[in-house]
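Each chain gets a letter, A, B and so on, in the order the sequences are listed, and its residues count up from 1. What you see is a predicted model, and the numbers here were worked out from it, not measured in a lab. Note that these values count all heavy atoms, side chains included, but never hydrogens, waters or copies made by symmetry.
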Number of protein chains: 2
Amino acid sequence: MSSYSPAETAEKSGFSIDTLRYYEKIGLLGGIARNASGRRVFSDDDLSWLGMLRCLRETGMPIAEMLRYSELARGGQETFAERLELLQDHDRRVEAQIRLLRAQQKKIKWKISFYSGKGVPEDD
Amino acid sequence: MSSYSPAETAEKSGFSIDTLRYYEKIGLLGGIARNASGRRVFSDDDLSWLGMLRCLRETGMPIAEMLRYSELARGGQETFAERLELLQDHDRRVEAQIRLLRAQQKKIKWKISFYSGKGVPEDD
DNA sequence: CCTTGACCTGGAGTGCGCTCCAGGTCCGAG
DNA sequence: CTCGGACCTGGAGCGCACTCCAGGTCAAGG
(Lines give C-alpha, C1' and ligand atoms only; values in the text may rest on other atoms or scores of the structure.)
Protein backbone atom coordinates (compact mmCIF):
# COMPACT_ATOMS: atom_id res chain seq x y z
CA MET A 1 0.00 0.00 0.00
CA SER A 2 1.69 3.12 -1.10
CA SER A 3 -0.08 4.58 -4.09
CA TYR A 4 -3.54 6.02 -4.40
CA SER A 5 -5.90 7.11 -7.12
CA PRO A 6 -7.27 10.66 -7.10
CA ALA A 7 -10.55 9.39 -5.69
CA GLU A 8 -8.88 7.50 -2.86
CA THR A 9 -6.69 10.48 -2.13
CA ALA A 10 -9.67 12.78 -2.02
CA GLU A 11 -11.36 10.49 0.44
CA LYS A 12 -8.32 10.06 2.66
CA SER A 13 -7.21 13.68 2.60
CA GLY A 14 -10.60 15.29 2.85
CA PHE A 15 -9.94 17.52 -0.15
CA SER A 16 -12.11 17.18 -3.23
CA ILE A 17 -10.54 15.94 -6.46
CA ASP A 18 -11.01 19.40 -7.91
CA THR A 19 -9.18 20.90 -4.98
CA LEU A 20 -6.33 18.44 -5.38
CA ARG A 21 -5.98 19.45 -9.02
CA TYR A 22 -6.21 23.09 -8.06
CA TYR A 23 -3.53 22.68 -5.39
CA GLU A 24 -1.24 20.99 -7.85
CA LYS A 25 -1.86 23.68 -10.44
CA ILE A 26 -0.99 26.56 -8.12
CA GLY A 27 2.08 24.79 -6.79
CA LEU A 28 1.06 23.55 -3.37
CA LEU A 29 1.76 20.01 -4.50
CA GLY A 30 5.07 19.42 -6.19
CA GLY A 31 5.77 16.51 -8.48
CA ILE A 32 2.73 14.30 -8.20
CA ALA A 33 3.54 11.11 -10.11
CA ARG A 34 1.59 10.07 -13.20
CA ASN A 35 0.95 6.63 -14.61
CA ALA A 36 1.37 5.64 -18.26
CA SER A 37 -1.91 7.22 -19.27
CA GLY A 38 -1.28 10.51 -17.52
CA ARG A 39 -3.35 9.98 -14.41
CA ARG A 40 -2.20 11.13 -11.02
CA VAL A 41 -0.77 8.60 -8.63
CA PHE A 42 -0.46 9.80 -5.04
CA SER A 43 2.04 8.32 -2.60
CA ASP A 44 2.01 8.03 1.18
CA ASP A 45 4.31 11.02 1.27
CA ASP A 46 1.86 13.02 -0.80
CA LEU A 47 -0.86 12.00 1.60
CA SER A 48 1.07 13.14 4.62
CA TRP A 49 1.90 16.42 2.94
CA LEU A 50 -1.80 16.82 2.23
CA GLY A 51 -2.38 16.24 5.93
CA MET A 52 -0.08 19.11 6.69
CA LEU A 53 -1.84 21.32 4.16
CA ARG A 54 -5.16 20.41 5.71
CA CYS A 55 -3.86 21.32 9.12
CA LEU A 56 -2.68 24.72 7.92
CA ARG A 57 -5.86 25.37 5.96
CA GLU A 58 -8.17 24.43 8.82
CA THR A 59 -6.32 26.73 11.13
CA GLY A 60 -6.93 29.58 8.73
CA MET A 61 -3.64 29.99 6.93
CA PRO A 62 -4.19 31.76 3.59
CA ILE A 63 -3.22 29.87 0.45
CA ALA A 64 -0.52 32.43 -0.34
CA GLU A 65 1.26 31.62 2.89
CA MET A 66 0.87 27.89 2.42
CA LEU A 67 2.51 28.43 -0.93
CA ARG A 68 5.41 30.12 0.77
CA TYR A 69 5.68 27.24 3.19
CA SER A 70 5.66 24.62 0.47
CA GLU A 71 8.37 26.45 -1.39
CA LEU A 72 10.46 26.37 1.76
CA ALA A 73 9.58 22.71 2.26
CA ARG A 74 10.97 21.94 -1.16
CA GLY A 75 14.26 23.43 -0.03
CA GLY A 76 16.65 21.53 2.22
CA GLN A 77 17.29 22.01 5.90
CA GLU A 78 18.77 25.40 5.16
CA THR A 79 15.17 26.61 5.14
CA PHE A 80 14.40 25.16 8.57
CA ALA A 81 14.82 28.48 10.33
CA GLU A 82 12.39 30.18 8.00
CA ARG A 83 9.85 27.37 8.21
CA LEU A 84 10.13 27.49 11.97
CA GLU A 85 9.46 31.20 12.01
CA LEU A 86 6.51 30.87 9.67
CA LEU A 87 4.93 28.15 11.79
CA GLN A 88 5.58 30.01 15.01
CA ASP A 89 3.88 33.10 13.62
CA HIS A 90 0.99 30.97 12.52
CA ASP A 91 0.80 29.23 15.88
CA ARG A 92 0.47 32.58 17.58
CA ARG A 93 -2.39 33.49 15.27
CA VAL A 94 -4.09 30.19 16.02
CA GLU A 95 -3.68 30.84 19.71
CA ALA A 96 -5.25 34.26 19.32
CA GLN A 97 -8.05 32.81 17.27
CA ILE A 98 -8.85 30.25 19.95
CA ARG A 99 -8.84 32.91 22.63
CA LEU A 100 -11.19 35.09 20.59
CA LEU A 101 -13.53 32.19 19.97
CA ARG A 102 -13.58 31.32 23.66
CA ALA A 103 -14.31 34.90 24.63
CA GLN A 104 -17.12 35.26 22.10
CA GLN A 105 -18.47 31.88 23.04
CA LYS A 106 -18.92 33.14 26.57
CA LYS A 107 -21.17 35.89 25.29
CA ILE A 108 -23.16 33.37 23.30
CA LYS A 109 -23.58 31.13 26.31
CA TRP A 110 -24.66 34.11 28.32
CA LYS A 111 -27.30 34.90 25.73
CA ILE A 112 -28.36 31.28 25.73
CA SER A 113 -28.89 31.32 29.45
CA PHE A 114 -30.92 34.48 29.03
CA TYR A 115 -33.18 32.84 26.46
CA SER A 116 -33.43 29.79 28.67
CA GLY A 117 -35.18 32.02 31.11
CA LYS A 118 -32.48 32.45 33.72
CA GLY A 119 -30.74 35.66 32.62
CA VAL A 120 -31.33 39.28 33.40
CA PRO A 121 -33.28 41.20 30.77
CA GLU A 122 -31.08 42.72 28.11
CA ASP A 123 -31.36 44.29 24.68
CA ASP A 124 -32.53 42.10 21.81
CA MET B 1 -23.86 60.04 25.65
CA SER B 2 -26.27 58.02 23.61
CA SER B 3 -25.92 58.86 19.96
CA TYR B 4 -23.04 58.33 17.61
CA SER B 5 -22.01 59.32 14.12
CA PRO B 6 -21.21 56.65 11.57
CA ALA B 7 -17.50 57.27 12.11
CA GLU B 8 -17.75 56.89 15.88
CA THR B 9 -19.87 53.80 15.47
CA ALA B 10 -17.38 52.27 13.09
CA GLU B 11 -14.64 52.87 15.58
CA LYS B 12 -16.56 51.53 18.55
CA SER B 13 -18.06 48.52 16.80
CA GLY B 14 -15.04 47.51 14.80
CA PHE B 15 -17.04 47.41 11.56
CA SER B 16 -16.14 49.76 8.75
CA ILE B 17 -18.60 52.45 7.74
CA ASP B 18 -19.15 50.61 4.49
CA THR B 19 -19.95 47.45 6.39
CA LEU B 20 -22.41 49.30 8.60
CA ARG B 21 -24.20 50.60 5.52
CA TYR B 22 -24.10 47.15 3.98
CA TYR B 23 -25.55 45.57 7.12
CA GLU B 24 -28.34 48.09 7.19
CA LYS B 25 -29.07 47.53 3.51
CA ILE B 26 -29.37 43.76 3.82
CA GLY B 27 -31.48 44.01 6.93
CA LEU B 28 -29.13 43.12 9.76
CA LEU B 29 -29.75 46.53 11.28
CA GLY B 30 -33.32 47.58 11.62
CA GLY B 31 -34.43 51.15 11.95
CA ILE B 32 -31.26 53.13 12.31
CA ALA B 33 -32.31 56.70 13.11
CA ARG B 34 -31.53 59.59 10.77
CA ASN B 35 -31.03 63.25 11.54
CA ALA B 36 -32.66 66.13 9.62
CA SER B 37 -30.22 65.87 6.76
CA GLY B 38 -30.56 62.13 6.32
CA ARG B 39 -27.43 61.02 8.15
CA ARG B 40 -27.38 57.92 10.33
CA VAL B 41 -27.48 58.38 14.07
CA PHE B 42 -26.61 55.27 16.06
CA SER B 43 -27.82 54.71 19.60
CA ASP B 44 -26.37 52.73 22.49
CA ASP B 45 -28.83 50.00 21.65
CA ASP B 46 -27.58 49.91 18.07
CA LEU B 47 -24.07 49.66 19.41
CA SER B 48 -24.88 46.74 21.62
CA TRP B 49 -26.68 44.99 18.79
CA LEU B 50 -23.58 45.55 16.69
CA GLY B 51 -21.61 43.93 19.49
CA MET B 52 -23.82 40.87 19.20
CA LEU B 53 -23.41 40.82 15.42
CA ARG B 54 -19.67 41.06 15.86
CA CYS B 55 -19.73 38.15 18.25
CA LEU B 56 -21.69 36.00 15.82
CA ARG B 57 -19.56 37.05 12.87
CA GLU B 58 -16.26 36.38 14.62
CA THR B 59 -17.42 32.95 15.61
CA GLY B 60 -18.09 32.18 11.97
CA MET B 61 -21.84 32.51 11.64
CA PRO B 62 -22.79 33.14 8.01
CA ILE B 63 -24.61 36.37 7.21
CA ALA B 64 -27.69 34.44 6.12
CA GLU B 65 -28.05 32.97 9.58
CA MET B 66 -27.38 36.28 11.29
CA LEU B 67 -30.20 37.61 9.17
CA ARG B 68 -32.47 34.88 10.47
CA TYR B 69 -31.44 35.74 14.01
CA SER B 70 -32.09 39.43 13.57
CA GLU B 71 -35.51 38.73 12.14
CA LEU B 72 -36.27 36.69 15.24
CA ALA B 73 -34.82 39.41 17.43
CA ARG B 74 -37.27 41.87 15.93
CA GLY B 75 -40.06 39.61 17.07
CA GLY B 76 -41.20 39.48 20.67
CA GLN B 77 -40.51 36.88 23.29
CA GLU B 78 -42.57 34.41 21.32
CA THR B 79 -39.41 33.90 19.27
CA PHE B 80 -37.25 33.12 22.30
CA ALA B 81 -37.41 29.39 21.75
CA GLU B 82 -36.23 29.72 18.19
CA ARG B 83 -33.48 32.16 19.08
CA LEU B 84 -32.38 29.80 21.80
CA GLU B 85 -32.21 26.90 19.40
CA LEU B 86 -30.31 28.91 16.84
CA LEU B 87 -27.74 30.03 19.38
CA GLN B 88 -27.39 26.56 20.85
CA ASP B 89 -26.70 25.12 17.41
CA HIS B 90 -24.18 27.83 16.82
CA ASP B 91 -22.57 27.28 20.18
CA ARG B 92 -22.05 23.63 19.30
CA ARG B 93 -20.38 24.62 16.06
CA VAL B 94 -18.12 27.04 17.92
CA GLU B 95 -17.22 24.30 20.35
CA ALA B 96 -16.34 21.98 17.48
CA GLN B 97 -14.32 24.69 15.83
CA ILE B 98 -12.29 25.26 18.98
CA ARG B 99 -11.65 21.55 19.36
CA LEU B 100 -10.51 21.32 15.74
CA LEU B 101 -8.21 24.29 16.15
CA ARG B 102 -6.71 22.83 19.29
CA ALA B 103 -6.12 19.48 17.62
CA GLN B 104 -4.51 21.04 14.56
CA GLN B 105 -2.50 23.35 16.73
CA LYS B 106 -0.94 20.31 18.37
CA LYS B 107 0.33 19.16 14.99
CA ILE B 108 1.75 22.59 14.32
CA LYS B 109 3.52 22.66 17.66
CA TRP B 110 4.91 19.23 16.97
CA LYS B 111 6.24 20.46 13.63
CA ILE B 112 7.69 23.48 15.38
CA SER B 113 9.53 21.32 17.85
CA PHE B 114 10.85 19.32 14.94
CA TYR B 115 12.20 22.41 13.23
CA SER B 116 13.62 23.58 16.52
CA GLY B 117 15.89 20.58 16.34
CA LYS B 118 14.26 18.39 18.97
CA GLY B 119 11.84 16.26 16.97
CA VAL B 120 12.26 12.94 15.21
CA PRO B 121 12.86 13.17 11.49
CA GLU B 122 9.65 13.32 9.53
CA ASP B 123 8.42 14.02 6.08
CA ASP B 124 8.74 17.55 4.71
C1' DC C 1 -19.60 83.23 -0.27
C1' DC C 2 -16.64 79.39 -0.78
C1' DT C 3 -14.41 75.41 0.60
C1' DT C 4 -13.85 71.30 3.16
C1' DG C 5 -15.05 67.09 4.80
C1' DA C 6 -18.19 63.86 6.64
C1' DC C 7 -21.87 61.81 4.97
C1' DC C 8 -25.48 60.06 1.42
C1' DT C 9 -27.11 56.63 -2.66
C1' DG C 10 -27.11 52.86 -6.06
C1' DG C 11 -24.43 49.93 -8.10
C1' DA C 12 -20.07 47.96 -9.73
C1' DG C 13 -15.81 45.65 -8.44
C1' DT C 14 -12.72 42.69 -5.57
C1' DG C 15 -10.30 38.72 -3.37
C1' DC C 16 -10.46 34.29 -1.92
C1' DG C 17 -10.93 29.54 -2.50
C1' DC C 18 -12.69 26.70 -4.65
C1' DT C 19 -16.22 24.29 -8.09
C1' DC C 20 -18.04 23.29 -12.41
C1' DC C 21 -17.97 22.52 -17.34
C1' DA C 22 -16.98 20.94 -22.13
C1' DG C 23 -14.66 18.06 -24.65
C1' DG C 24 -11.45 14.41 -24.73
C1' DT C 25 -8.60 9.90 -23.33
C1' DC C 26 -8.14 5.43 -21.61
C1' DC C 27 -9.26 0.89 -19.69
C1' DG C 28 -11.78 -3.03 -18.04
C1' DA C 29 -16.26 -5.52 -18.00
C1' DG C 30 -19.92 -7.63 -20.76
C1' DC D 1 -16.71 -4.06 -30.16
C1' DT D 2 -19.05 -1.08 -27.26
C1' DC D 3 -20.06 0.98 -23.20
C1' DG D 4 -19.46 3.14 -18.70
C1' DG D 5 -16.85 5.40 -15.59
C1' DA D 6 -12.78 7.42 -13.69
C1' DC D 7 -9.73 10.44 -15.12
C1' DC D 8 -7.48 14.39 -17.98
C1' DT D 9 -7.06 19.75 -19.49
C1' DG D 10 -7.89 24.75 -19.74
C1' DG D 11 -10.76 27.94 -18.49
C1' DA D 12 -15.14 29.91 -16.92
C1' DG D 13 -18.21 30.59 -13.02
C1' DC D 14 -19.63 30.99 -8.25
C1' DG D 15 -20.66 32.36 -3.30
C1' DC D 16 -19.42 35.08 0.24
C1' DA D 17 -18.60 39.26 2.52
C1' DC D 18 -17.39 43.02 1.88
C1' DT D 19 -15.12 47.37 -0.47
C1' DC D 20 -14.91 50.94 -3.64
C1' DC D 21 -16.66 54.46 -6.70
C1' DA D 22 -19.10 58.42 -8.94
C1' DG D 23 -21.81 61.90 -8.22
C1' DG D 24 -24.41 64.44 -4.95
C1' DT D 25 -25.99 66.90 -0.26
C1' DC D 26 -25.30 69.49 3.74
C1' DA D 27 -23.30 72.26 7.79
C1' DA D 28 -19.65 74.61 9.82
C1' DG D 29 -15.37 77.37 9.59
C1' DG D 30 -12.50 81.08 7.45
For the pair made of [atom1] in [X] and [atom2] in [N], what is the distance, rounded to whole Å?
X     : N      : atom1 : atom2 : answer
B:I17 : C:dG5  : CD1   : P     : 15 Å
A:L20 : C:dC18 : CG    : C1'   : 12 Å
B:I26 : D:dT19 : CD1   : P     : 13 Å
A:L53 : C:dC18 : CG    : C1'   : 15 Å
A:N35 : C:dC27 : CG    : P     : 8 Å
A:E24 : D:dC8  : CD    : P     : 8 Å
B:L67 : D:dG15 : CG    : P     : 17 Å
A:I32 : D:dC8  : CD1   : P     : 11 Å

Nearest-nucleotide 5' precedence on DNA chain D, B:R57 against A:V41: A:V41
First encountered from the 5' end of DNA chain C, between A:R21 and A:A36: A:R21
Is there a donor-acceptor pair under 3.5 Å between the side chain of [X] and the backbone N or O of [Y]?
X     : Y     : result
A:S37 : A:R39 : no
B:E65 : B:P62 : no
B:D91 : B:Q88 : no

Sugar-phosphate only, base, or nothing, as touched by A:F15 at under 4.0 Å among non-hydrogen atoms: nothing
Check the phosphate of [N] against [X], side-chain N and O only, distance under 4.0 Å to OP1 or OP2. Yes or no?
X     : N      : value
B:Y23 : D:dC18 : yes
A:R40 : D:dT9  : yes
A:S16 : C:dC18 : no
B:S37 : C:dC7  : no

Between [options], spot the one nearest the side chain of [X], thanks.
X     : options               : value
B:T19 : D:dC7, D:dT9, D:dC18  : D:dC18
B:K25 : C:dT19, C:dG11, C:dC8 : C:dG11
A:Y22 : C:dT9, C:dG17, D:dT9  : C:dG17
A:P62 : C:dC7, D:dC8, C:dG17  : C:dG17
B:D18 : C:dC8, D:dC18, D:dT19 : D:dT19

Qualifying residue for ring-ring contact (aromatic ring centres under 6.0 Å, His included) with A:F15, from A:Y22, A:Y23, A:F42: A:Y23
Pairs meeting criterion side chain to side chain donor-acceptor pair (under 3.5 Å) with involvement of residues 70-79 of chain A, two or more places apart: A:T79-A:R83
Every protein N/O within reach of nucleotides 3-6 of chain D N/O, cut-off under 3.5 Å:
from	atom 1	to	atom 2	distance (Å)
D:dA6	N3	A:R39	NH1	3.3
D:dA6	N3	A:R39	NH2	2.8

Close side-chain approach of B:L86 to B:E82, heavy-atom, < 4.5 Å: no
Interatomic spacing from [atom1] in [X] to [atom2] in [Y] - rounded to 0.5 Å:
X     : Y      : atom1 : atom2 : value
A:E95 : B:L101 : CD    : CG    : 10.0 Å
A:L67 : A:M61  : CG    : CE    : 11.5 Å
A:D44 : A:K12  : CG    : NZ    : 8.5 Å

Contacting residues from residues 88-101 of chain B, given that a heavy atom lies under 4.0 angstrom of DNA chain D: none
Ring geometry between A:Y115 and B:Y69 (parallel below 30°, tilted from 30 to 60°, perpendicular above 60°): perpendicular
